[in-house]
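Worth saying up front: this structure is predicted, and the values here are computed from it rather than measured. Just so it is clear, the values below take in all heavy atoms, side chains as well, and ignore hydrogens, waters and symmetry mates.
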Amino acid sequence: LGVETGLSLAAYTGRNASRPGGGGGGGGGEEESFVIREDFPDTAYWNPSLITNSDGRGQVTMTLPDSLTTWQVDVRGLTVDTKVGQAETQVVATKPLLIRPVTPRFLISGDHVLMAAVVNNNTSSELSASVSLQSEGFVLDEPGKATQQVTVPANGRARVQWWGTAGVEDAADLIFSVRTTGTQSLEDSARPVWGVLPIKHYTSPQAFVTGGVLREATSQQEVISLPRTFSPSGGGLDVELSPSLAGNLLSALEVMETPDTTLSAEATVSYLLPNLEVYRALNGAGLSDPELSERVTANVTTGISRLLSLQNEDGGWSWWGKNEESDRYISAYIFFGLLRAHEIGMSVKDESLQRAGMYLSETTPGVTNDTSGAELDEITFVYFVLAYANTFDETTVGNLYNMRDRLSPSSRALLAYIFNKANPADERVRDLISNLESSAVVTASGAHWETPQENIFITGSPIYTTSLVVYVLAQLDSANQVVFNAVRYLAAHRNARGLWGMGHENAWAMMALNEAMLGFGDLNPDFTFSAMLNGGPLANGDASGNQVLTPTEAQVPLEYLSPNSPNLLTIQREAGLGRLYYRAVLNVNRPVEDVKPLDAGMQIERAYVASGCQKKCPPLSTLELASDQPITARLTLVLPHDSYYVMVEDSIPAGMEILNRSLKTSQQGIESAEEVQVQFDDSAPFAEGWGWWLFHEPQIRDDGILFTADHLPAGTYVLTYTLIPLQAGEYRVLPAHAWEAFFPEVQGTSAGAVFEIKP
């Protein structure tokens, strides 16, 4: 097996671009056309099946990406008679003149940053060169110096710098270019290795949401008033009109974020379920959406693969990672999701499903008079999933029915589903439905159900409880008036992003509305509708055919709303078949420095201190970049009560990087750098750092870090991690945020901060 390479390649691929200088106030100059290096993958070429000739030699042709680097080539061979071989070599891709951008991974609007570029001269002659920065979304302090002249020594380098400020756009597009000015014509242009830099906003967005349903020819008025306690720095009014629940659900799918592959198994299945349900409903109604089908196909396979990889040896799953103790509720929830995926034809291993069902059947206890309400609810949910998998335990579910007065409304609904699946004529089904009708909480916004406090352990918010009841009743008794009223409640309680909460809450709400849509026959409306703001036309639509899949949307910028008097929004629905669902969201941005820390069931504070400092450490707000010293970010979390499934997320200054101790880097030897640690209050039984095992391994991201814990006793926790300053500038830092994954309303945030790294 031979590898006959070792070339130094001066050629490179690139993207032709023609840009005006100074885009977004970034740089100056005339319009020019040049090639931009911007494709920087980790792997340049992969070929799993190269057939050689009889001498064991083969040939491939490849186009290297834009990276100017040393590529490691690894070739392995296998003959039909099991002879093997391996060879390695290197391919160097370079240029005589090249430019290397030096930027943060992201920015926050208002950040004042020192951008830089390093110019390498790989020739044997000194070069005079013109170096320029062109940008959109990043405004230079001195636009006239967007292009600078430098002299680069032979086989040497030169550094060029630009001060500027991140704008109000959502991203900063930076292009760094160098071109010789002498007789030798050389040039290079590149974007940062991470591409276009996202710009986050150093504001506290606040939203005010209203919504409703119109069943007949009528009009509805909503009064929109701007806040009087502060002057918004931006925002506007968003109006959405949907002639079917399908429009609501599809718009919600659009804003759902694809879960990070490092997130929990619960987050993965909570993303998959709504996609699966809406996909199935639309296809069943003959309203196939090619884009949605492509989205489901692309994401579900990856999600199923991840869920199966996280399955423990006992057949169950834990909340966060593999090989941790399996949790019955999480396991049942994931098992349900996999069953639904398998039902619509997705590939799920039968062996994995069988192991999951066996785990739930063998580990779920029976019920006694001493079983708590929370445990009864968990057991009911498990047996609901087992019934869905066609496993029915008459004894246990009979005992649950006898204890129905101690069950939450959602569990009584699930119990009705179990009995109906076994025998639709079972009298207990009607009894449970009647109980749900009488226990509904009826308000002006509709009907909902609440879980008693003694039943709340993992789940039990009004959105979750109502969603499960609607999910069942829409299948068993869709004509029931209480179902329509509960759908009104759910439709009116979408948040500012267009969702119903986080994770499982959103998944169950969307599944419930999907079942209601099918039960109502909500996919065949036929009417016209419109909206007006302050007497002027805002939006209109005609509900018929495939238009039921696309909600009508309108946006009104903040400056077009009256700041001192109420604004009148009028929704008009004409006669015809179907329902009109409307939603209005007033978004206003409040400068985050004006916002106090939030304490809604837990407190969190953040401070930056010198690394190595343990007690009475003065907080830092500035740092000399030349000192080359790491700093410690210290998060203090105070829990007045025991908390379950806690998430703590912190944002970092854009000019810093988190020291990842799982990587073998040169920074490992810094003695003053601290390990991630947890310290408890001295008055607590877990003093002097005991209790670190309560937290999972932190998830490190480009713009922050995420800590998670299944269970935290009441007390004070100190989480620390190490930051390495890399880029001079004045950086806005978004607040730290702590919350319970299944009850996100139990949360706390720190204040924002400004951190300066001096050159």
Side-chain angles (χ1 to χ4, degrees), residues 213 215 245 277 281 332 336 340 367 373 376-443 445-452 455-456 459-493 505 508-522 579:
V213 185
R215 298 183 66 182
L245 282 171
E277 298 308 301
F336 177 72
R340 298 291 273 183
V367 296
L376 289 174
D377 280 356
E378 180 182 293
I379 293 170
T380 304
F381 184 80
V382 170
Y383 276 97
F384 155 72
V385 176
L386 290 174
Y388 191 84
N390 296 315
T391 300
F392 187 78
D393 184 339
E394 171 63 42
T395 301
T396 302
V397 296
N399 290 336
L400 289 169
Y401 177 77
N402 293 335
M403 298 180 183
R404 59 191 179 280
D405 291 341
R406 296 173 55 201
L407 296 178
S408 67
S410 58
S411 291
R412 293 198 290 273
L414 296 178
L415 202 55
Y417 175 93
I418 296 171
F419 290 132
N420 183 79
K421 186 173 179 64
N423 177 16
D426 194 322
E427 295 180 357
R428 292 173 292 187
V429 176
R430 185 65 254 174
D431 178 62
L432 289 165
I433 292 177
S434 297
N435 182 279
L436 291 169
E437 291 173 337
S438 62
S439 62
V441 179
V442 180
T443 65
S445 63
H448 71 278
W449 289 264
E450 297 179 358
T451 295
N455 289 70
I456 294 178
T459 57
S461 69
I463 292 292
Y464 171 83
T465 304
T466 303
S467 296
L468 259 70
V469 174
V470 171
Y471 175 80
V472 173
L473 291 187
Q475 298 177 65
L476 305 186
D477 190 11
S478 61
N480 196 317
Q481 180 64 30
V482 76
V483 178
F484 170 73
N485 288 333
V487 167
R488 281 204 303 131
Y489 176 87
L490 291 176
H493 282 77
E505 279 190 334
W508 280 111
M510 294 184 68
M511 285 192 290
L513 293 176
N514 186 63
E515 292 294 345
M517 177 177 66
L518 297 177
F520 292 166
D522 206 24
R579 298 170 176 84

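In this structure N455 satisfies the side-chain hydrogen bond (donor to acceptor under 3.5 Å, both in side chains) test together with D377, sequence neighbours excluded. Residues forming a side-chain hydrogen bond (donor to acceptor under 3.5 Å, both in side chains) with E437 (at least two apart in sequence, or on another chain): R430, N480. Residues passing the ring-ring contact (aromatic ring centres under 6.0 Å, His included) test with F484, sequence neighbours excluded: none. Taking R412 as the reference, N435 meet the side-chain hydrogen bond (donor to acceptor under 3.5 Å, both in side chains) condition, with sequence neighbours excluded. Applying the side-chain contact (heavy atoms from CB on, under 4.5 Å) criterion to V441, with sequence neighbours excluded, gives T443, H448. Partners of R340 according to the side-chain hydrogen bond (donor to acceptor under 3.5 Å, both in side chains) rule, which considers only residues two or more places apart in sequence or in another chain, are E277, Y388. In terms of the side-chain contact (heavy atoms from CB on, under 4.5 Å) criterion, residue partners of I456 (sequence neighbours excluded) are, by chain and number, T451, Q453, F743. Listed by chain and residue number, W508 satisfy the ring-ring contact (aromatic ring centres under 6.0 Å, His included) test with Y471 (two or more places apart in sequence, or in another chain). Take A413 and apply the side-chain contact (heavy atoms from CB on, under 4.5 Å) test, not counting sequence neighbours, and it matches L436, V469, V472.
Atom CD of E427 has 12 or fewer heavy atoms from other residues, nucleotides or ligands within 6.0 Å.
The closest side-chain heavy-atom distance from S410 to W449 is not below 4.5 Å. Here the side chains of V213 and V487 are not in contact, with every heavy-atom distance at 4.5 Å or above.
Put simply, CD1 on I418 and CG on N423 are 14.0 Å apart, with the number rounded to the nearest 0.5 Å. Remark: T396 OG1 to I379 CD1 distance equals 8.0 Å, nearest 0.5 Å. Between atom CG of residue L468 and atom OG1 of residue T465 there is a gap of 7.5 Å, rounded to the nearest 0.5 Å. Rounded to the nearest 0.5 Å, atoms CE (M510) and CG (L513) are 8.5 Å apart. One distance of note links CD1 of I463 with CG of L490; it measures 5.5 Å at 0.5 Å rounding.
Sorted by first and then second residue, the ring-ring contact (aromatic ring centres under 6.0 Å, His included) pairs involving residues 416-440 (not counting sequence neighbours) are F384-Y417, Y401-F419. Within the structure, salt bridge (Lys or Arg N to Asp or Glu O under 4.0 Å) pairs that include any residue of residues 465-476 do not occur (at least two apart or interchain). Among pairs with a residue in residues 386-407, those fulfilling salt bridge (Lys or Arg N to Asp or Glu O under 4.0 Å) read E394-R428, R404-D431, at least two apart in sequence or across chains.
Looking at every heavy atom in both residues, A509 comes nearest to S467 through CA-OG, 3.2 Å. Summarising the geometry of T466 relative to A486, their closest heavy-atom pair is CG2-CB, 4.2 Å, with the distance given to 0.1 Å. Shown here for P462 and E450, the closest heavy-atom pair between the two residues is CG-CG, 4.5 Å. Between A416 and L432, the closest heavy-atom pair is N-CD1, 3.5 Å.
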Stepwise, does the side chain to side chain contact (heavy atoms under 4.5 Å, CB included) test hold for K421 with N390? CA-CA 9 Å; K421 186 173 179 64; N390 296 315; 3.2 Å; yes
What's the verdict on side chain to side chain contact (heavy atoms under 4.5 Å, CB included) for N514 and L245, showing C-alpha distance, side-chain angles and the deciding distance? CA-CA 7 Å; N514 186 63; L245 282 171; over 6 Å; no
Apply side chain to side chain contact (heavy atoms under 4.5 Å, CB included) to the pair S478 and V483, showing each step before the final yes or no. CA-CA 6 Å; S478 61; V483 178; 5.6 Å; no
Could you walk me through whether V470 and Y489 pass the side chain to side chain contact (heavy atoms under 4.5 Å, CB included) check? CA-CA 11 Å; V470 171; Y489 176 87; over 6 Å; no
